[in-house]
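To start, the structure itself, in C-alpha cells.
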Number of protein chains: 2
Amino acid sequence: MASPKSYRAPVLADVARAAEVSVPTVSRVLNGSKYVAPELAQRVHEAVQALGYRPNGAARSMRSGRRTLVSVLAGATANYGYARTLQGVETAARRAGMTVSITVVESGDDEHVRAAIDLTLAQPTAGVIVLEFDRAGINAAKALPEGLPVVVAGGGSRRTGTVPAALIDERTAGRQATDYLLHLGHRTVHHIAGPTEGKHSGRTDGWRAALGAAGAPVPQIMRADWDASSGYRWGERIAGMNDVTAVFCANDDIALGLMRALSDRGLDVPGDISVIGFDDQPLVALWQPSLTTVDQDFEDLGTRAFGLLSQVIDGDGDAASSVTAPQLVVRESTAPPKG
Amino acid sequence: MASPKSYRAPVLADVARAAEVSVPTVSRVLNGSKYVAPELAQRVHEAVQALGYRPNGAARSMRSGRRTLVSVLAGATANYGYARTLQGVETAARRAGMTVSITVVESGDDEHVRAAIDLTLAQPTAGVIVLEFDRAGINAAKALPEGLPVVVAGGGSRRTGTVPAALIDERTAGRQATDYLLHLGHRTVHHIAGPTEGKHSGRTDGWRAALGAAGAPVPQIMRADWDASSGYRWGERIAGMNDVTAVFCANDDIALGLMRALSDRGLDVPGDISVIGFDDQPLVALWQPSLTTVDQDFEDLGTRAFGLLSQVIDGDGDAASSVTAPQLVVRESTAPPKG
DNA sequence: ACGACAGCTGATAACGTTTTCCCCATCTGA
DNA sequence: TCAGATGGGGAAAACGTTATCAGCTGTCGT
C-alpha cells in the first residue's frame, strides 16, 4: 500500500493508458457521446473501475464552462425557515445533478456582504439563490455583480427589483391572520415584528392593511428578535397593559415566548389574550394551547427558487417570478375576546 | 450596456492588458506575493476595480491544486442537530476562507450513498465531513474513497474506524440522564429510542449501562422516529401501562410529543411520569412543564469537525479525535416518583 | 465506379490560472 | 572593478479536461 503522501489521484491520461486508447476517447465514453465502439467503451469502463478514477471537477468545469454548483446566500441557516428552504433547494439541486453551497452573510453591513460574496464567487458557481428574509439577504441581493444568474427567495408579495424571485405572499397571510382576529370580535390586533422588519415586511404590511380596511386603530409596533426569549420579554410588558386582547407575532418562536410569559403572569391564552404565530413549525401544534399560525411551505419555496435559477442559467433572464399563498391554520390559541 | 448574451467575464489577461503588465504579475499582485513594485500593484488594483474582475475559481483550483470547498454529507439538514452542526461548520469554514457544500444522503442504501458521494466528489472538494448521526451517515463514511480527507462528526464515545472524529459523548450523557432519574428514586427508567439506534447508539448504550450498574430492570426499548408525532404515539400507549414512572427519550421532539400525549390522557408530568429529552432545543425550556434534557453543543461539534478536517487536509492524517461531554439540564419535567 | 456520408478515433488546441525558469537591473562588499 | 546577492518582471510551461479538426475506414446511393 502506497504511503498517503505519495498518493496521486489518477487522471484521464492514466485511464487512457490502462485502456490503451486516447485521452479524448476516454472523455467521450465518460460523457456518453455516441460514436465510440462498444468494445473500447468496455475497456475504458474497466480501467476506470480498476483505477478508481474520478474526474477532476475543477478541470472539467473550467474547460467546458459548465458549472454544477449553486450558492445559497443567507443571513442564517439554523432557524426553521432558513433550514427548510435550504432543504428544498438542496433536494431540487440534487435531483438535477447539482450541488449547493451555503454562505452566511453575518449582517447587512457592506463589509460583511462583500466578504460573503467574495467567498461565494471564489467557487465555480453557476448561480446564486439569495434568501431574502432579512436585511443581510436584501443587501446581498443588491450587491451581486451583473451577469451572474441570481434569483431571490423570500417573503415579498411581488418581484424585487429586476431579479426573478420565488416568493411566499406574506402580506396576504398577514392580512388574513389579522382579519381572522378582527372577525372574532377583537377591537384591534397588536403586532410583534421581527428585527429587520420595516416597510419591507410583508407580514407587517398585511397586518397594517387589515387594520386599515377594518377601520381599527393601529397600535404601535413592538419590535423583537426572531427568538423566543424576546417574545417572552414582550409578554412581560403586555401582561401589564390592559388594552391588549390579540397579538399577531412575526414568527412562531416569538409567539411561544409570548405565551409562556403570559402564562407565567397568570393570564390565559386564548381566554384573556389571543395569539397568532407565523411559520407553523412542527412543534407548535403540540403546545398547550396549540398555536394558531400561518403555514409557510418553505421547502416548496426552495424548490421553486432552484427551478427559477435553472431557467435563468439556461438563458431565460426574464423567467417569471412565482408567488404562493400561505395558509392560516386555526388552532387553540385564538378565541373571541372576553365579555 | 452590452446585451446579457454577449457578456464575457473579464479574465486575467484583460486585467493585464488594462494595467499594461504581464499576466503573471497580475497573479502575483492578487496573491500577495512580495517582489512587485508598488506602482505596478497600484495599476493592477485599479484595473481589477475598473473591470470588475473576479478570479475564475475553477481555473485557480485546477492549476494550484488548492481547494477551498469542504463538503458536508448528512442524512438530513433541517432537524435541529443537523442544522446547528452545519452552522458550526459553515462559520468555521468561512473564517478560514473556505466554503461549505452540502449533500443529503437520502438513505443508507448503497445506491443512495453512492449517488451522494458521486455528486459531492464532482466538485473540487478539499475534504468531506460526514455527519454520522444516522445509518445514512455511517454508511457514507464507510464508502468514501481512500486518499480523500475525511472526518466524522457524531455522537459516539470514541473514534470510529480509522477516520478522525469530532464527537459528543452521548453515552456518558445517556448514563447521566438515566442515573439522575434513578437517583430521584425511580425503580427503573423506560427508553424511547430513535429509528436507527441499535448497538451503535450512545444514548441507548448509556441508558443500559446506568440500569445495569444500578441493578435496575431493563425494560424493552421503544423505537420511534425522530419526530414528535411518533413520541405522541408512544405516549398514548404508555398512558395505558401502569409500571412506567420515568422515560428517557432519544431527542426533544419525541419527549415533547410524549408529554403532550400524557397530558391529553390526563396524566401529570412530572407528577405521574418523569420525562427527560435529549438535545436541549431552545423551545423546550419554554414548554410547560419545561423539559429536563441533555444539552448538546452541536455548533461546537461542527467547529471542531472543521478544525480536524483542516489538520487532515494539511497532511496530519492521524489528527487526534476530540470528544466533549454534554450537560444534563434539570428543569421541571422530572421529579421523584409518587408514593 | 465514385463521391458522399456515417461511424469511429487520435492529434492538437484551447480554457484561465499559477508555477517555474530565466533575464535584467541595481546594489553590496572586498 | 567585479562576483555575488537581491529585487523585480516577463516568457513559457503546466494543471486535467473538453472541443475542434482532420483522418481513416467502410457502406450506400447514383
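In the text below, chain A, chain B and the rest are named by the order of the sequence lines, each starting its count at 1.
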Heavy-atom closest pair, residues V150(B) and L309(B): N-CD1, 4.1 Å
Nearest-Å distance for atom pair CG/C1', residues L30(A) and dA19(D): 16 Å
For the student: nearest non-hydrogen atoms of V15(B) and V44(B), plus distance: CG1-O, 4.3 Å
Closest-nucleotide 5' rank along DNA chain D - winner of P38(B) and N56(A): P38(B)
Sole residue of L144(B), L148(B), V128(B), V105(B) in side chain to side chain contact (heavy atoms under 4.5 Å, CB included) with I117(B): L144(B)
Any S64(B) side-chain N or O less than 4.0 Å from OP1/OP2 of dT17(C): no
Nucleotide nearest P24(A) when distance is taken to its side chain, options dC15(C), dG9(D), dG10(C): dG10(C)
Atom-pair distance (CG on L40(B); P on dG7(D)), nearest Å: 16 Å
Sugar-phosphate, base or nothing in reach of T25(B), heavy atoms under 4.0 Å: sugar-phosphate
Gap between atoms CE and C1', on M62(B) and dC15(C) respectively (whole Å): 8 Å
For atom CG of L12(A) and atom P of dG10(C), their distance in whole Å: 13 Å
Under-4.0 Å side-chain N/O to phosphate OP1/OP2 contact, N31(A) with dT18(D): yes
5' priority, DNA chain D, between Y35(B) and V11(A) [closest heavy atom]: Y35(B)
Distance, rounded to the nearest Å, where D14(B) contributes CG and dC15(C) contributes P: 12 Å
Phosphate-side-chain proximity, R66(B) and dT19(C), N/O vs OP1/OP2 below 4.0 Å: yes
Base-contact (B) and sugar-phosphate-only (S) positions in nucleotides 21-28 of chain D, heavy-atom cut-off under 4.0 Å, - elsewhere: --------
Candidate pair Q296(B) and L301(B), rule side-chain contact (heavy atoms from CB on, under 4.5 Å), full reasoning: CA-CA 9 Å; Q296(B) 303 205 85; L301(B) 177 69; over 6 Å; no
Intermediate values then yes/no, side-chain contact (heavy atoms from CB on, under 4.5 Å), D297(B) and I168(B): CA-CA 8 Å; D297(B) 194 340; I168(B) 298 181; 5.5 Å; no
OP1 or OP2 of dG16(D) under 4.0 Å from side-chain N/O of R63(A): no
Y53(B) side chain near dT17(C) phosphate (N/O to OP1/OP2, under 4.0 Å): yes
Rounded distance (Å) that lies between atom P of dT17(D) and atom CZ of R17(A): 12 Å
Set of residues satisfying side chain to side chain donor-acceptor pair (under 3.5 Å) with respect to R54(B), sequence neighbours excluded: D118(A)
Options dC15(C), dG9(D), dT18(D), nucleotide nearest the side-chain atoms of V36(B): dG9(D)
Distance (rounded to the nearest 0.5 Å) between I102(B) CD1 and L86(B) CG: 5.0 Å
